[in-house]
Amino acid sequence: MQGDHLHSTDLDALRPAFSTHRPRILILYGSLREISYSRLLAFEARRLLERLGCEVRMFDPRGLPLPDEAPVSHPKVQELRDLSQWSEGQVWVSPERHGAMTGIMKSQIDWIPLSVGSVRPTQGKTLAVMQVSGGSQSFNAVNQMRILGRWMRMVTIPNQSSVAKAYQEFDADGRMKPSSYYDRVVDVCEELVKFTVLTRDASAYLTDRYSERKEQAAELEKRVSLRSI
């Protein structure tokens, strides 16, 4: 019956005690170029997130095979999956190429599994999306990454960053110049940290679903019935 699995909101579950360890953030970027503005933006985000008190790790996509080209035991695939599992929040930074995120960005996301056994490894993790463009400002890549984040049951924050004519926005040392674009990157990093701290301890409750409780109960009832035969 519906009433057996439809629960009233548990306010205590929504307000658990905050963990005190630093928020764990993974950054992915979608380019292998020697001079990569998505990588420079990723490093800029890393500096900001560390300044905001996070523990940050970045994944280098060099050497990552194409999806289905190698087994999941491949060292780079395992490195990526372990980092994703470790993280409580993620930042995805992609160039826009031909009106879309790059294949390098998509390959990394495709290697992160939707499920491992009964566990959904990205479910409830926070996500911020950013992109760089060689021309005028666009939002194609960030919009695509939002769709993927939702598909992977991640809590994608409202804010996002799109840096137009990225080649003009970084100095000779690879640091982002002061601008409204930089201010938006700061905004995104601040918001990601807030959402991560706010949701990480309640993640399991936030992603607990009626349909899955109902399905699990039916499977349990089936197993009990079989044992009684």
Side-chain angles (χ1 to χ4, degrees), residues 23 25-33 35-49 52 54 56-61 64 67 80 83-84 87-112 114 121-170 174-196 198-199:
I25 306 296
L26 169 64
I27 302 179
L28 307 179
Y29 58 89
S31 174
L32 300 178
R33 288 181 175 178
I35 299 176
S36 165
Y37 294 107
S38 65
R39 184 169 63 246
L40 292 180
L41 182 55
F43 276 109
E44 203 67 49
R46 179 176 189 165
R47 283 186 283 267
L48 287 165
L49 289 165
L52 291 166
C54 296
V56 184
R57 299 181 186 177
M58 293 178 62
F59 177 73
D60 184 346
L64 181 71
L80 174 59
L83 285 172
S84 180
S87 70
E88 296 169 326
Q90 298 186 15
V91 181
W92 296 350
V93 188
S94 180
E96 181 173 315
R97 186 172 298 164
H98 299 311
M101 77 180 82
T102 62
I104 294 161
M105 190 76 234
K106 184 62 163 56
S107 291
Q108 292 174 82
I109 297 169
D110 283 346
W111 271 121
I112 299 173
L114 287 173
T122 52
Q123 178 166 292
K125 297 181 188 293
T126 52
L127 172 65
V129 293
M130 303 183 186
Q131 73 168 74
V132 294
S133 303
S136 58
Q137 192 172 42
S138 170
F139 300 94
N140 291 322
V142 288
N143 286 340
Q144 288 181 325
M145 290 187 286
R146 281 188 175 278
I147 291 172
L148 290 172
R150 185 180 69 219
W151 186 258
M152 298 168 77
R153 297 190 178 181
M154 302 179 79
V155 180
T156 307
I157 67 171
N159 218 333
Q160 61 187 23
S161 168
S162 175
V163 180
K165 297 182 180 178
Y167 57 89
Q168 297 180 347
E169 299 303 321
F170 293 86
R175 295 299 307 271
M176 199 169 182
K177 301 174 184 177
S179 69
S180 61
Y181 291 132
Y182 177 77
D183 291 346
R184 177 57 67 89
V185 173
V186 178
D187 289 346
V188 171
C189 290
E190 276 190 337
E191 191 170 290
L192 178 65
V193 175
K194 292 174 185 177
F195 270 80
T196 303
L198 184 65
T199 62

Taking every non-hydrogen atom, the tightest pair across Gly124 and Val155: O-CG2, 3.9 Å
Least distance between heavy atoms, Val185 atom then Met130 atom: CG1-CE, 4.1 Å
CA sep, side-chain torsions, deciding dist, call: Lys194, Glu191, salt bridge (Lys or Arg N to Asp or Glu O under 4.0 Å): CA-CA 5 Å; Lys194 292 174 185 177; Glu191 191 170 290; over 6 Å; no
Side chain to side chain, Arg150 and Thr156, heavy atoms closer than 4.5 Å: no
Main-chain N/O of Gly30 paired to Arg39 side chain as donor or acceptor, under 3.5 Å: no
Pairwise distance CZ(Arg33) to CG(Leu40) - rounded to 0.5 angstrom: 12.0 Å
pair Lys177-Ser179: side-chain heavy atoms closer than 4.5 Å: no
Arg184 atom CZ: more than 12 heavy-atom contacts under 6.0 Å: no
Side chain to side chain, Val91 and Leu49, heavy atoms closer than 4.5 Å: yes
Ile27 vs Trp92, side-chain contact (heavy atoms from CB on, under 4.5 Å): CA-CA, chis, key distance, verdict: CA-CA 6 Å; Ile27 302 179; Trp92 296 350; over 6 Å; no
4.5 Å side-chain heavy-atom contact, Leu41 and Met176: yes
Spacing of CG belonging to Asn143 relative to OG belonging to Ser138, to within rounding of 0.5 Å: 8.0 Å
Close side-chain approach of Val186 to Tyr182, heavy-atom, < 4.5 Å: yes
For Glu169, salt bridge (Lys or Arg N to Asp or Glu O under 4.0 Å) partners two or more places apart: none
Expected output: side-chain Ser107 to main-chain Ile104 donor-acceptor under 3.5 Å: no
Between CD1 on residue Ile25 and CZ on residue Arg57, distance to nearest 0.5 Å: 12.0 Å
Verdict with supporting geometry, Thr122 and Ser84, side-chain contact (heavy atoms from CB on, under 4.5 Å): CA-CA 7 Å; Thr122 52; Ser84 180; 4.0 Å; yes
Distance-only polar pair, side chains of Gln160 and Ser162, donor-acceptor under 3.5 Å: no
Residue pair Ala166 / Phe170: nearest heavy atoms and the distance that separates them: O-CD1, 3.3 Å
Under 3.5 Å donor-acceptor, Thr196 side chain and Pro23 backbone: no
Residue pair Val132, Tyr181: steps toward the side-chain contact (heavy atoms from CB on, under 4.5 Å) verdict: CA-CA 10 Å; Val132 294; Tyr181 291 132; over 6 Å; no
For Leu64 against Leu80, the heavy-atom pair lying closest together: CD2-CD2, 4.3 Å
Atom of Pro158, atom of Arg146 and distance for their closest heavy-atom approach: O-NH2, 2.8 Å
Heavy-atom side-chain proximity of Ile112 to Leu28 below 4.5 angstrom: yes
Short side-chain to backbone donor-acceptor contact, Gln131 and Val142, under 3.5 Å: yes
Pairwise side-chain contact, Met145 with Met105, heavy-atom cut-off 4.5 Å (strictly under): yes
Side-chain heavy atoms of Cys54 within contact of Val193, under 4.5 Å: yes
N/O donor-acceptor pair under 3.5 Å between Lys125 side chain and Ser87 backbone: yes
Exam field: side chain Ser38 to backbone Pro95, donor-acceptor pair closer than 3.5 Å: no
Pairwise distance CE(Met58) to CZ(Arg46) - rounded to 0.5 angstrom: 6.5 Å
Distance, nearest 0.5 Å, that separates NZ of Lys165 from OG of Ser133: 11.0 Å
Test item: Ser36 side-chain N/O and Leu32 main-chain N/O as donor-acceptor pair under 3.5 Å: no
Nearest heavy-atom neighbours spanning Ser161 and Val188: N-CG2, 3.9 Å
side-chain contact (heavy atoms from CB on, under 4.5 Å) between Ile109 and Met152, intermediate numbers included: CA-CA 9 Å; Ile109 297 169; Met152 298 168 77; 3.6 Å; yes
